[in-house]
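First up is the structure itself, then whatever we jot down about it.
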Amino acid sequence: ILMIKLKDILNEGIPSRFEGYFDNVNDNVARLEKNLKQLIFDLGKEGLRKESLEVAGLYKKYIMEFKVKLKKFEKKNRD
């Protein structure tokens with residue numbers, strides 16, 4: 001019985017009351033992605049290819065990486 005209770009406690013992870021934080025972060029990241037993609041497109045359209053590629057690199061390196069790591073964190077700690 002003690003092992004079952006301890007296992008349940010360890011598997012609880014982050015309490016559900018923090019769910020709103022994760023929802024807000026995910027919504028904000030989605031908006032950031034949309035704006036960055038539009039910026040990348042518009043820079044390229046204006047002939048600023050170098051700048052467009054630089055922003056695209058930042059997006060890929062930081063934003064996409066953050067999304068993947070946050071998803072892994074959520075899966076590990078919320079399920």
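Only heavy atoms go into these numbers, but all of them, side chains included; no hydrogens, no water, no symmetry mates. The first residue in the sequence is number 1, and the count goes up from there.
By the rule that hydrophobic residues join a cluster once side-chain heavy atoms approach within less than 4.5 Å of another member, Y62 and L70 end up as members of separate clusters. Both F66 and M64 sit in one connected hydrophobic cluster of ILVMFWY residues. Membership requires side-chain heavy atoms under 4.5 Å apart, directly or through other members. In the hydrophobic cluster analysis, where Ile, Leu, Val, Met, Phe, Trp and Tyr join through side-chain heavy atoms closer than 4.5 angstrom, L58 is grouped apart from L43.
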Original post:
Stepwise, does the side-chain contact (heavy atoms from CB on, under 4.5 Å) test hold for K67 with N26?
Top reply: CA-CA 8 Å; K67 280 182 59 177; N26 287 324; over 6 Å; no
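The structure places CG of L48 at 10.0 Å from CG of L39, a figure rounded to the nearest 0.5 Å. Separation of atoms CG (N24) and CD (E19) is listed at 11.0 Å; rounding is to 0.5 Å.
Counting heavy atoms from C-beta on, the side chains of E65 and K69 come closer than 4.5 Å.
I63 meets the side-chain contact (heavy atoms from CB on, under 4.5 Å) test with V29, L32, E33, L36, Y59; sequence neighbours excluded.
Listed by first then second residue, pairs satisfying ring pair (Phe, Tyr, Trp, His ring centres under 6.0 Å) with a partner in residues 20-45 read F18-Y21, not counting sequence neighbours.
Around atom CD of E54, no more than 12 heavy atoms belonging to other residues, nucleotides or ligands sit under 6.0 Å away.
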